[in-house]
Amino acid sequence: GVHSARQFVWWYNGHPDGRSLNLDLNSTDTAVILGQGNVALDVARILLRSTTELAKTDIASHALAALEESSIRKVYLVGRRGPVQAACTAKELREVLGIKDLFVHIKEADLHKTLADEEEMKNSRIQRRVYELLSKAATSASSHPISGQRELHFVFFRKPDRFFESDEKRGHVAGVHFEKTILKGVGSGRQIAAGTGQYEGIDCGMVLKSIGYKSVAVDGLPFDHQKGVVPNVGGRVLSDTSGDPTLLENGLYVSGWLKRGPTGIIATNLYCAEETVASISEDLEQGALASKSKFTKPGREGLLQLLDDRNVRVIQFNAWEKIDSEEKKRGILRNKPREKLTTWEELLKAAI
Ligand code: NAP
């Protein structure tokens with residue numbers, strides 16, 4: 001009953017390696033999500049939105065079928081810090097708060113801001129917007145859910161301590177034990193959650209851990225284990241973590257979360273890739289790559305040969321386009337943008 005949000009996201013998005021996730025959505029009415037970032041919100045939205053609406057999206061069919069049978073009506077989104085520090089962004093928060101017929105609960109006392117919170121908000125438009133949306137949701141909500149209404153509870157200042165095991169269903173989760181927290185300043189306006197020694201439990205039959213990501217090191221590649229990134233300047237890989245820009249790994253570049261850490265929306269990754277590509281172009285123009293290499297580079301042909309030698313099956317762009325059009329064609333029959341192919345066999349068959 002305890003899963004990572006990543007597994008759950010792969011499952012509902014039809015990733016072939018995620019479709020066999022053993023989810024039990026029928027034996028409980030309550031799920032706890034740990035973390036309050038955008039992934040946590042995405043996951044809450046999938047659990048709470050009506051399946052009639054989900055049916056019109058490109059959600060994987062196996063997930064839609066399971067959600068149609070789901071007995072989950074109540075979702076707790078639990079953060080270890082306060083509403084000012086919630087890691088989500090406004091657009092994503094608005095989407096979850098906008099779910100039809102949803103009862104939203106936020107304790108008014110949790111919305112109390114300290115001077116340090118005010119200071120944090122002054123410096124971040126996103127935090128201000130998120131806080132405003134949460135405050136508005138807290139005051140405009142009715143005090144009790146009406147019978148059968150789905151519920152979303154934002155719980156702040158609680159950090160997970162341990163899971164309770166069910167008595168009836170051994171090996172299955174029955175709740176989460178949380179330690180209450182307070183915020184502690186750690187300089188430069190940042191506040192972290194500190195435990196208070198007081199505890200409280202929430203009963204539930206499913207837990208989704210949504211506490212962010214950390215890249216893993218690639219063998220032979222410089223890696224900053226603390227930050228979980230490959231040290232770089234503008235995407236140019238550095239041979240160690242000292243930040244000395246003269247220590248370049250010539251001809252090696254990095255982009256995305258491996259370059260700057262696991263943050264940002266899709267557009268952030270676009271800008272990030274543009275910066276790396278600009279570094280490559282600049283190095284090419286200045287001859288920095290050609291002059292220092294003593295080997296002739298086999299380029300794309302060499303890469304394809306290497307993949308072939310290693311028996312890696314490669315799907316080219318035109319094959320991907322065939323998959324895309326097959327999915328869209330199947331989608332038309334079901335009145336949705338696409339019907340995803342969710343096994344490797346089906347994908348390879350469509351790619352031929
Ligand atoms: P995230 O934004 O880093 O949020 C992680 C959450 O987990 C935070 O609330 C964090 O609290 C909490 N957390 C971390 N460690 C914890 C611990 N040990 N115990 C309890 N709580 C802990 O991560 P994410 O939601 O996985 O998202 C990753 C990135 O993808 C983000 O930049 C997000 O915006 C982006 N994303 C974007 C979209 C979109 O554009 N629609 C959708 C999904 C994801 P603290 O703040 O206290 O650390």
Side-chain angles (χ1 to χ4, degrees), residues 2-13 15 32-47 49 57-59 75-99 106 110 116-117 120-121 124-127 129-131 133-134 153-163 176-186 188-196 199-200 202 207-216 226-229 255-273:
V2 180
H3 307 279
S4 78
R6 181 189 60 75
Q7 288 174 311
F8 187 73
V9 170
W10 278 21
W11 174 77
Y12 70 71
N13 274 326
H15 190 304
V32 162
I33 302 174
L34 303 175
Q36 294 179 328
N38 281 337
V39 171
L41 257 48
D42 280 348
V43 163
R45 191 155 45 91
I46 293 292
L47 288 172
R49 213 170 147 195
T57 73
D58 64 355
I59 189 167
V75 172
Y76 288 88
L77 264 172
V78 188
R80 61 181 168 178
R81 298 193 285 159
V84 172
Q85 293 79 25
C88 56
T89 46
K91 179 173 166 285
E92 287 66 28
L93 180 58
R94 233 180 270 122
E95 274 189 49
V96 79
L97 293 174
I99 292 175
I106 299 170
D110 286 346
D117 288 336
E120 264 192 64
M121 284 171 70
S124 161
R125 186 174 170 270
I126 297 180
Q127 279 172 280
R129 291 292 301 124
V130 166
Y131 179 83
L133 285 168
L134 289 169
H153 297 254
F154 285 85
V155 179
F156 298 99
F157 304 108
R158 299 284 184 278
K159 65 173 179 163
D161 174 51
R162 64 195 156 93
F163 300 119
V176 189
H177 201 227
F178 290 97
E179 183 174 14
K180 296 185 185 179
T181 64
I182 48 167
L183 295 186
K184 210 172 84 183
V186 285
S188 63
R190 202 179 136 69
Q191 304 184 78
I192 59 163
T196 58
Y199 295 85
E200 182 185 83
I202 298 180
V207 177
L208 295 168
K209 298 172 292 170
S210 185
I211 59 165
Y213 294 78
K214 194 167 186 185
S215 294
V216 285
Q226 211 184 348
K227 294 186 187 148
V229 298
S255 182
W257 284 6
L258 194 58
K259 170 183 170 187
R260 52 167 223 282
T263 57
I265 56 171
I266 290 173
T268 323
N269 287 307
L270 289 177
Y271 291 124
C272 177

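Every number for a ligand or one of its atoms is a count from 1 in the order of the listing.
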Is it true that [X] lies under 4.0 Å from ligand 1, counting heavy atoms only?
X: K159; answer: no
X: G79; answer: no
X: P262; answer: yes

N/O donor-acceptor pair under 3.5 Å between [X] side chain and [Y] backbone:
X: K259; Y: C272; answer: yes
X: S188; Y: R190; answer: no
X: T181; Y: K159; answer: no

Answer with yes or no whether the side chains of Q127 and Q85 bring together a donor and an acceptor at under 3.5 Å.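 No - no donor-acceptor pair under 3.5 Å links their side chains.
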Heavy-atom distances under 4.0 Å are what count here, so tell me which part of W257 touches ligand 1: side chain, backbone, both or neither.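 W257 to ligand 1: side-chain contact only, backbone stays beyond 4.0 Å.
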Checking contacts here: is it the side chain or the backbone of L34 that comes within 4.0 Å of ligand 1, counting heavy atoms only? Could be both or neither.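 For L34, no heavy atom sits under 4.0 Å from ligand 1.
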Nearest protein heavy-atom contact for [atom]: which residue, which atom, what distance?
atom: atom 40 (O) of ligand 1; value: I265 CG2, 3.1 Å
atom: atom 24 (P) of ligand 1; value: V39 CG2, 3.7 Å
atom: atom 6 (C) of ligand 1; value: S210 O, 3.7 Å
atom: atom 32 (O) of ligand 1; value: G264 N, 2.6 Å
atom: atom 23 (O) of ligand 1; value: G212 CA, 3.5 Å
atom: atom 38 (C) of ligand 1; value: N38 CB, 3.8 Å
atom: atom 42 (C) of ligand 1; value: D42 OD2, 3.4 Å
atom: atom 8 (C) of ligand 1; value: A87 CB, 3.7 Å

Please determine which of K184, R81, E120 meets the side chain to side chain donor-acceptor pair (under 3.5 Å) test together with Q191.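 So the option named by the test is E120.
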F178: which of V155, D161, V78 passes side-chain contact (heavy atoms from CB on, under 4.5 Å):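 The residue from V155, D161, V78 that satisfies side-chain contact (heavy atoms from CB on, under 4.5 Å) with F178 turns out to be V78.
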Do the rings of W257 and Y213 sit parallel, tilted or perpendicular, given the 30° and 60° boundaries?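 Plane angle between 30° and 60°, so tilted.
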Assess the pair F8 and H3: is the distance between their ring centroids shorter than 6.0 Å?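 No - the distance between ring centres of F8 and H3 does not fall below the 6.0 Å cut-off.
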Is the shortest distance from atom 35 (C) of ligand 1 to a protein heavy atom below 4.0 Å?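 Under 4.0 Å from atom 35 (C) of ligand 1, at least one protein heavy atom found.
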L208 and L47, any side-chain heavy atoms less than 4.5 Å apart: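 SC-SC contact between L47 and L208 confirmed.
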Just which atoms of ligand 1 are under 4.0 Å from any heavy atom in T263?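 Taking each heavy atom of T263 in turn, ligand 1 has 32 (O) under 4.0 Å.
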Identify, by atom number and element, the atoms of ligand 1 in contact range of Y213, meaning under 4.0 Å from any of its heavy atoms.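 Every atom of ligand 1 under 4.0 Å from some heavy atom of Y213: 26 (O).
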Salt bridge or not for R158 and E179, using N-O below 4.0 Å?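 E179 and R158: not salt-bridged.
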Can you tell which of Q36, Q85, R80 gets a heavy atom nearest to atom 45 (P) of ligand 1?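 Closest candidate by heavy-atom distance is R80.
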Relative to atom 46 (O) of ligand 1, which among R81, K91, K214 owns the nearest non-hydrogen atom?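 The option holding the nearest heavy atom is R81.
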May I ask you to check whether over 12 heavy atoms, not counting those of L270, lie within 6.0 Å of atom CG?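 Enclosed.
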